Structure formats: structure tokens, C-alpha cells
There are 2 protein chains.
Amino acid sequence: MISIKDIARAADVSHSTVSRALRNSPLVNPETSLRIRTIAQEKGYRVSAVGRSLVNRRTDTIGVVVTSIADPFNAEIVSGIEEIALTHGYSLLLATCHSDPNREMLAVQSFYERRVDGILVSSSRVGSLYRPMLADMKVPIIFINSHHPDDDMFSVTIDNHNAGLQATRHLVQLGHKRIGYLGNQFGLQADTQRYAGYRSALEEVDIGFDPELVVHGNGGPENAKSATARLLALANPPTALFCFNDMSAFGAMCAAREHGLAIPSDLSVVGLDDLLLSSYAEPALTTIRQPKHEMGRLAAGTLFQLLSGNSPERFISMRGELIVRKSTVPPRSSADAISTNHQKSGAGA
Amino acid sequence: MISIKDIARAADVSHSTVSRALRNSPLVNPETSLRIRTIAQEKGYRVSAVGRSLVNRRTDTIGVVVTSIADPFNAEIVSGIEEIALTHGYSLLLATCHSDPNREMLAVQSFYERRVDGILVSSSRVGSLYRPMLADMKVPIIFINSHHPDDDMFSVTIDNHNAGLQATRHLVQLGHKRIGYLGNQFGLQADTQRYAGYRSALEEVDIGFDPELVVHGNGGPENAKSATARLLALANPPTALFCFNDMSAFGAMCAAREHGLAIPSDLSVVGLDDLLLSSYAEPALTTIRQPKHEMGRLAAGTLFQLLSGNSPERFISMRGELIVRKSTVPPRSSADAISTNHQKSGAGA
DNA sequence: GAGATCATTGCACACGTGTTCATACTAAAA
DNA sequence: TTTTAGTATGAACACGTGTGCAATGATCTC
């Protein structure tokens with residue numbers, strides 16, 4: 001591993017001069033500078049970012065922790081972050097925590113030890129426990145997809161309540177009266193808020209709320225499938241379903257078909273995310289588009305604002321956009337769906 | 001930012017003793033050690049990995065470059081890598097290159113400057129151009145999903161030829177005679193090999209090869225859609241389609257439906273990847289499962305073998321597994337599909 | 001009690017880079 | 001010629017950490 005001292009020896013100058021020459025400092029004679037840079041190139045020299053970081057007190061690196069990178073939602077957020085980081089010449093340190101608060105803390109601590117210049121956390125489960133930790137380490141942290149009402153926290157979220165409201169309103173306007181909610185793990189902030197939006201939409205039109213129509217998965221399709229099966233086994237099943245996210249919606253549609261129901265004629269489904277594949281599904285999924293990529297960009301942008309000494313907005317809240325596709329239609333009979341009590345041995349289509 | 005010198009001052013010892021105490025060295029008096037560690041904790045001290053890296057000459061960091069993290073295929077590979085890295089106490093530096101050889105090189109150079117202990121590159125587009133660069137920088141590199149026949153390269157791939165063979169054989173065995181191939185960008189190694197497998201399967205049973213039935217997308221659903229549309233507009237369209245990957249398969253199925261065809265009765269489709277959502281599609285996608293997570297694990301495992309001085313296998317080739325689901329059935333008439341020349345204004349189901 | 005062994009600690013240097021300050025030399029001005 | 005201003009360079013220190021070596025003092029052995 002060759003250092004500036006090596007090429008200093010080769011060029012018969014001090015390492016100071018080499019350092020200056022490589023950074024194109026006007027302090028060094030143009031001829032010597034060229035000679036040094038030539039030698040450096042010949043020897044295949046590359047600066048050591050670790051040596052440089054030690055003196056510059058910055059690593060040009062930001063840390064990103066997500067629940068799972070295999071989750072396309074997180075992947076798109078990271079994609080947005082990476083895009084902005086690249087334009088600033090920053091690198092990305094990635095860690096996953098699998099919704100484990102402990103692993104989340106460990107990841108953040110690891111980032112801190114590595115002296116990242118900033119940290120982005122998506123779907124944090126730790127929340128206010130960060131406070132004492134943040135007091136110690138003066139590293140700017142931006143939260144994505146979780147909001148903390150404390151003064152010194154920055155966050156980028158979508159308006160989850162509004163998203164739930166839009167999705168449910170859409171189903172209400174189609175004429176549905178028995179609308180189910182397929183949530184994520186209980187206690188998750190985004191779930192609570194989307195659920196609240198769902199409730200609000202029902203109250204707007206005086207549709208009686210039926211707790212039977214609320215089930216919880218874990219955000220993945222498999223859990224959504226079994227949760228939906230419970231819902232469809234009800235004596236008076238829903239005619240429409242609002243799902244926490246698109247992955248859950250896929251699982252729900254799968255369960256419905258196995259139950260002998262056709263989508264959307266027997267069951268309307270609306271998701272939330274608008275994943276790349278959602279528009280290619282059959283039927284194409286009606287959903288609330290979440291600007292994932294843009295959220296990543298904004299979060300990273302906020303961080304770089306902070307790093308350059310500016311005072312960006314603390315709480316950025318984005319609006320989801322309703323994308324109506326083919327998975328939602330009016331219910332079969334406008335006189336509610338009491339008559340359509342499907343048997344499990346029903347039409348196998 | 002507090003350093004060992006600060007707590008050395010506070011504990012009235014030399015920074016050497018602090019360094020030893022924090023690493024639980026047996027050389028330091030247990031009482032002093034405890035006192036030092038207490039002070040360190042009170043002050044919220046955390047080692048600087050950059051200082052440590054400078055002297056240890058290792059960063060406990062590996063670099064990963066993928067084409068796009070938003071691509072679920074890459075995301076799952078990264079997920080596998082991260083899992084193994086974590087067990088070794090390593091962190092992950094992530095970069096994307098968007099299939100641009102130049103950006104790929106820049107990413108690798110950035111990693112090198114940051115003195116990562118090893119590099120993983122998925123779907124490399126640069127190939128042998130690495131050689132001179134590798135000669136300079138003695139950082140172990142593992143390639144995923146691209147194979148380089150040079151001596152000093154390590155790689156983990158799936159047997160693409162075999163995958164193409166299995167997929168096409170499956171369609172042949174169902175009785176299809178006009179089988180299309182929807183490939184990725186021309187020149188991509190994986191595409192060439194899968195295409196070769198496709199050809200081999202056709203030759204096995206003496207099905208005449210028709211170059212009309214081969215089209216190329218870019219691995220994404222949108223391009224796949226338009227490419228498939230061209231295929232279906234043929235006077236004598238295919239009755240089955242082997243797609244480069246699952247994303248393409250989704251685009252292909254979408255195009256077929258817009259063309260008035262039913263999947264699988266009018267067109268059988270087989271993908272390659274087995275994404276999380278592939279089994280939840282309608283119809284559930286027949287595909288060749290690629291052990292993405294395992295490939296990431298193996299690649300990372302190979303790297304850590306190298307880092308610990310062992311000599312792991314150079315070329316790891318994995319077998320894809322045919323997963324038969326609902327998107328493939330025998331063709332409508334065994335007397336080929338000449339009669340089924342669908343009009344674009346056909347049944348709109 | 002003298003020498004030997006051991007436990008504990010500090011000094012000094014190293015890692016690779018950037019930067020301040022002083023120095024040596026050159027050229028211009030007086 | 002002397003002073004002044006300017007140019008080019010090196011010495012020295014700093015960043016935070018780890019470690020070989022020496023030094024100190026204590027305990028043990030005979």
C-alpha cells in the first residue's frame with residue numbers, strides 16, 4: 001500500500017509538497033507539481049480516505065438503516081438517498097435492523113464509531129430512546145417514515161392519516177359499506193395513523209365501524225394472506241379491503257382467489273405504496289402512491305442542508321396520491337353484501 | 001468529539017493505558033481498568049473507527065456495487081451479503097452503477113480510496129478492464145452474476161445456460177412448438193448464456209429455431225411489455241414465452257392481456273428469478289428460482305474466507321430450480337398455434 | 001539482604017494526510 | 001547594493017488509536 005511518503009521519496013521532495021501537489025494547490029511550482037502527479041499516477045497512488053478523514057474530521061459518508069433492504073419500499077428510498085449522496089460525493093453505509101429496536105441502536109452506534117457525517121433511519125422503532133444517545137453524539141439524524149415530536153429531530157414522512165383517508169374514501173365513494181382494514185404489526189406508528197384515516201373516512205359518511213373487519217398482518221404477503229382468510233371466513237365478510245401496503249394487498253388478493261372470490265367484482269382491494277410491479281399485477285392494483293424515491297431524496301437533501309450549515313425544514317410531510325386502477329369497482333349489490341355469503345367450496349375460478 | 005486522550009486526562013493516566021483498558025487488555029490493573037471504563041462510559045466515549053483503521057490497516061468494511069438497489073434481484077443479494085457481513089462485524093458500503101461501466105469503475109475506486117477490506121460486484125459490465133486496476137490495488141474482489149475466466153478472479157453465478165435449458169425444456173415438454181425468448185439488453189453475459197440454453201433446448205427436440213421469436217428488453221417490465229407486443233403482432237405468434245427474468249415476465253403477461261390473450265391458456269409464460277411477489281401474481285408465475293439470498297451469502301462467505309487467509313473455491317456455480325406454478329400449460333391445439341391468430345380487437349377479457 | 005521475577009505504567013513511535021509556520025531562494029524595487 | 005516583496009519548499013505538529021520497549025516499583029526466591 002503506497003502513501004504520499006513513498007512518492008515524496010521518489011520525487012525527492014517532502015510529503016507536504018506531495019500533499020499539496022495532489023490537491024492542485026497553487027502554492028507548489030507547476031513543474032514540480034506535474035512531476036509529482038505523474039509519479040503518483042505511475043505508481044497507481046490513491047489517497048487514503050481514512051488518513052484524510054482523521055485530519056479533516058469528516059468521512060464524506062452517511063449511514064442508512066432500514067428494516068430490510070429486500071423490502072422494495074425501503075429499496076426505493078435507499079435508491080433516492082444514494083442518488084443525492086452521489087451528487088455530493090458521499091458514500092453510503094447500509095445496515096438493516098429487521099424491525100428490532102436493539103439492532104437499530106447497534107447500527108446507529110456502529111455508524112457513530114465509524115464517524116459518519118450523518119444518519120438516516122427509515123421506519124424507526126426506537127423513537128424517543130434516541131434522545132440520550134443523540135445528546136452524546138452530535139451527529140445529525142433524519143428519520144424517514146416515522147415522526148418524533150421532539151424539537152431537535154428531523155423527519156420526512158407521508159401523511160399517513162390522509163393516505164388512509166383517501167384510500168377508504170375511494171372505496172366509500174364506490175358504494176362500499178363493509179370495508180375491511182388489513183394493517184401492519186400493532187403499535188407501528190404508520191399503522192396507527194393509516195388506521196385512524198380509515199376510521200375518519202368511515203365516520204364522514206356514518207358507516208358503522210365494525211371491529212370484526214380489522215385484522216393485522218406484518219406488512220408481508222404471507223401474513224396478509226392468512227389475515228385476509230380470517231376476514232373472508234366471517235359470516236358477513238367485507239366487500240372491499242384497504243391494505244396497509246401493496247405487498248399486503250397482493251397477499252390479500254391471493255387469499256381471496258383461493259377463497260373462490262374474483263377481484264375486483266367480489267372484493268375490491270386498495271393498497272398503499274405503488275410498487276413497480278403493482279401496475280403490472282392482474283388486476284392492476286388501485287393504490288395510494290407513496291413518493292418513495294422522492295422521500296429518500298428529500299431526506300438526504302435535508303441532511304446535506306444541515307451539513308452545510310443551513311436550517312432546513314424540520315418536519316416534511318408528503319401527500320400520497322390515489323392511483324385508481326382495476327382492483328376496485330362498486331360492490332355487486334348496492335343493498336350491502338349480506339346476501340353474498342360465499343362458501344369455501346364455491347366457484348373455483 | 002471526545003478521544004482517549006480526554007479520558008486519559010480525566011483518569012490521570014496515559015492514553016496508552018486507556019487504550020489498553022478499553023480493549024480489556026490483561027496488561028492493565030483491574031482496578032484502574034474499571035475506573036477508566038467507568039469514566040469512558042460516563043463521558044459517552046466511543047472509539048473512532050477511523051483512528052483505529054489507520055493503525056490496524058483494516059476498516060472492517062466491505063464495498064458492494066450493484067446496478068440498482070431498487071431492483072428486487074439485487075436487493076435480495078445485498079440482503080444475503082449484509083447478513084454474513086454482520087456476523088463478522090463488518091459494515092457495508094453500497095454503491096449503484098446503473099449498468100454504466102464508467103460508474104462501476106468509479107464506485108470501485110471510491111471503495112479503494114476508502115480502504116475497504118474487500119469488494120463485491122454484482123452483474124459487472126466492466127470485466128477484463130479490471131485487470132490493470134486490480135494489479136495495482138490488492139483488494140480482493142468477488143463477482144456475482146458475472147464470470148471472468150481469468151485466474152485471479154472469484155465469482156458466484158448461477159448456471160445461466162442450464163436455467164435457460166430448464167425453462168425451455170419445461171415449455172417443450174408441455175407440447176409447445178413456437179417458443180419465444182424475451183431477453184435482456186444485447187451483449188449482457190447472463191442474457192447470452194440463457195439464450196444459449198434456450199437454443200440448446202430447442203435443438204434437443206429438433207424444433208426449428210425461428211429468429212423472429214427472439215426479442216430484447218432491458219430487464220424491466222415496461223420494455224418487456226413493448227417487446228412482447230412486437231412478438232404478439234407476428235403473423236405466427238408464439239404460444240409460449242421464456243423471459244429473461246420475472247420482471248420481464250410481468251411485463252409480458254401485461255402485454256398479452258392488453259392484446260386480448262389469456263394467461264396461460266393463450267400464452268404460457270415462464271420467468272427466471274422467483275421474486276417474492278411472483279408466487280402471489282395472477283396467475284402465479286412459473287419460474288426458475290435463483291437462490292439470490294444464498295448467492296449473496298456465498299459471495300460474502302468467499303470474501304471472508306479470503307480475508308482470513310483461506311483459499312476458497314474460485315468459481316461457484318449454482319443451479320436454478322424450476323418452480324412450476326400456474327402460468328404455464330400445454331398449448332391449445334397440439335397442431336401448433338397457426339390457427340390462433342388473434343386480432344388486436346379480440347375478446348377484451 | 002541481594003538478586004530475580006513479575007505486574008503496571010508511560011514514552012515514543014507508527015499509521016496517512018493536511019496545514020501552519022519558518023526558511024531559503026529569487027526577483028523586483030529603491 | 002540593499003531592502004522588500006514574493007515564490008517554493010520543508011520541518012513540525014495535529015488528528016485518534018495501537019503497541020514495542022523501557023522504566024518503575026513490588027513481590028518472591030534463596
Side-chain angles (χ1 to χ4, degrees), chain A residues 1-37 39-40 43-61 110-117 136-139, chain B residues 1-37 39-40 43-61 110-117 136-139:
Chain A
M1 190 67 64
I2 115 164
S3 77
I4 49 171
K5 291 184 185 171
D6 297 317
I7 66 178
R9 212 169 300 126
D12 197 33
V13 291
S14 73
H15 81 275
S16 314
T17 309
V18 176
S19 173
R20 285 189 270 254
L22 293 177
R23 314 190 94 260
N24 289 315
S25 164
L27 291 179
V28 39
N29 184 309
E31 293 175 27
T32 13
S33 181
L34 179 61
R35 184 164 53 93
I36 289 175
R37 291 204 304 273
I39 294 179
K43 296 209 167 202
Y45 169 80
R46 299 255 110 200
V47 224
S48 164
V50 22
R52 173 177 288 177
S53 293
L54 194 55
V55 38
N56 283 347
R57 330 202 56 144
R58 41 179 287 197
T59 53
D60 291 342
T61 302
S110 160
F111 286 161
Y112 179 64
E113 290 190 357
R114 292 185 142 79
R115 296 296 188 265
V116 296
D117 297 337
D136 291 346
M137 55 194 239
K138 287 301 278 179
V139 178
Chain B
M1 189 67 67
I2 113 163
S3 76
I4 50 173
K5 291 184 185 172
D6 297 317
I7 67 177
R9 212 169 300 125
D12 197 35
V13 290
S14 73
H15 81 275
S16 316
T17 309
V18 176
S19 173
R20 284 189 269 255
L22 294 176
R23 315 190 93 261
N24 289 316
S25 163
L27 291 179
V28 39
N29 184 309
E31 293 174 27
T32 354
S33 181
L34 179 62
R35 183 166 51 93
I36 290 175
R37 291 204 304 274
I39 294 180
K43 296 210 166 200
Y45 169 81
R46 297 255 112 197
V47 225
S48 163
V50 24
R52 173 177 287 176
S53 292
L54 194 55
V55 36
N56 283 347
R57 329 203 52 143
R58 39 179 285 197
T59 53
D60 290 343
T61 301
S110 160
F111 287 161
Y112 178 63
E113 289 190 358
R114 291 186 143 80
R115 297 295 187 265
V116 296
D117 297 337
D136 292 345
M137 55 194 238
K138 286 301 278 180
V139 178

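We use all heavy atoms of the structure for the numbers below, so side chains are in, but hydrogens, waters and symmetry mates are not. Quick caveat, the model's predicted, so the values are computed rather than measured.
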Close side-chain approach of B/D60 to A/R114, heavy-atom, < 4.5 Å: yes
Rounded to the nearest Å, what distance is computed from the CE atom of residue A/M1 to the C1' atom of nucleotide C/dA14? 16 Å
Verdict with supporting geometry, A/S19 and A/S16, side-chain hydrogen bond (donor to acceptor under 3.5 Å, both in side chains): CA-CA 5 Å; A/S19 173; A/S16 314; over 6 Å; no
Five pairs at each end of the helix from C/dG1-D/dC30 to C/dA30-D/dT1: take the axis at both ends and give me the angle between them to 10°. 60°
Which part of the nucleic acid, if any, lies within reach of A/S53 when heavy atoms closer than 4.0 Å are counted: base, sugar-phosphate only, or nothing? nothing
What is the distance, to the nearest angstrom, from the CG atom on A/D60 to the P atom on C/dT17? 15 Å
Would you give the length of the straight line joining atom OG1 of A/T17 to atom NE2 of A/H15, rounded to the nearest 0.5 angstrom? 9.0 Å
Of all heavy-atom pairs linking A/M1 and A/D6, the shortest is O-OD2, 4.1 Å
Under the salt bridge (charged side-chain N to carboxylate O under 4.0 Å, His left out) rule, collect the residues that match up with B/R46, sequence neighbours excluded. A/E113
Taking the side chain as every heavy atom from C-beta outward, state whether A/L22 and A/Y45 have any atom pair closer than 4.5 Å. yes
Please round to the nearest 0.5 Å and tell me the distance separating atom CZ of B/R57 and atom CG of B/L54. 8.5 Å
Assign each of B/I2 and A/H15 the nucleotide of DNA chain D bearing its closest heavy atom; nearer the 5' end lies the nucleotide of A/H15
Would you indicate whether the side-chain heavy atoms of B/R35 and B/V13 approach each other to under 4.5 Å? yes
Base, sugar-phosphate alone, or nothing: which one does A/V55 contact when heavy atoms must sit under 4.0 Å apart? base
Which is true for B/S48 with a 4.0 Å heavy-atom rule: it touches a base, it touches only sugar-phosphate, or it touches nothing? sugar-phosphate
5′-ward residue of the pair B/R57/A/L27 relative to DNA chain C: B/R57
Interatomic distance, OG@B/S14 vs CD1@B/I4, rounded to 0.5 Å, equals 9.0 Å
Taking the side chain as everything from C-beta on, heavy atoms only, tell me whether A/R20 gets closer than 4.5 Å to A/I36. no
Heavy atoms under 4.0 Å, any strand shown: does A/S16 hit a base, just sugar-phosphate, or nothing? base
At a heavy-atom distance below 4.0 Å, what parts of residues 4-14 of chain A sit against DNA chain D? A/D12, A/V13, A/S14
Between A/N56 and B/P30, which has a closest nucleotide on DNA chain C that is more 5'? B/P30
Taking heavy atoms of chain A and a 4.0 Å limit, find me the 5'-most and 3'-most nucleotide of DNA chain D within that range. D/dA8 to D/dG16
Please list each protein N or O that sits under 3.5 Å from an N or O in nucleotides 22-24 of chain C, with the distance.
none

For A/T59, enumerate each residue passing the side-chain contact (heavy atoms from CB on, under 4.5 Å) test, keeping only those at least two apart in sequence or located in another chain. A/S53, A/T61, A/R115, A/D117
Specify the separation, in whole Å, of atom CG of A/L54 and atom P of C/dT19. 13 Å
Kindly say whether B/E31 contributes a backbone atom to a donor-acceptor pair with the side chain of B/N29 at under 3.5 angstrom? yes
Within the structure shown, what part of the strands sits under 4.0 Å from A/V50 by heavy-atom distance: base, sugar-phosphate, or nothing? nothing
In whole angstrom, what separates A/N24's CG from C/dT17's P? 16 Å
Looking at B/N24, I'd like to know if its CG atom is crowded, meaning that more than 12 non-hydrogen atoms belonging to other residues, nucleotides or ligands lie closer than 6.0 Å. yes
Is it the case that C/dG10 (base atoms only) and B/R20 (side chain only) share a donor and an acceptor within less than 3.5 Å, ignoring hydrogens and angles? yes
So, taking the atom named CD1 in B/I7 and the one named NZ in B/K43, what distance separates them when rounded to the nearest 0.5 Å? 8.5 Å
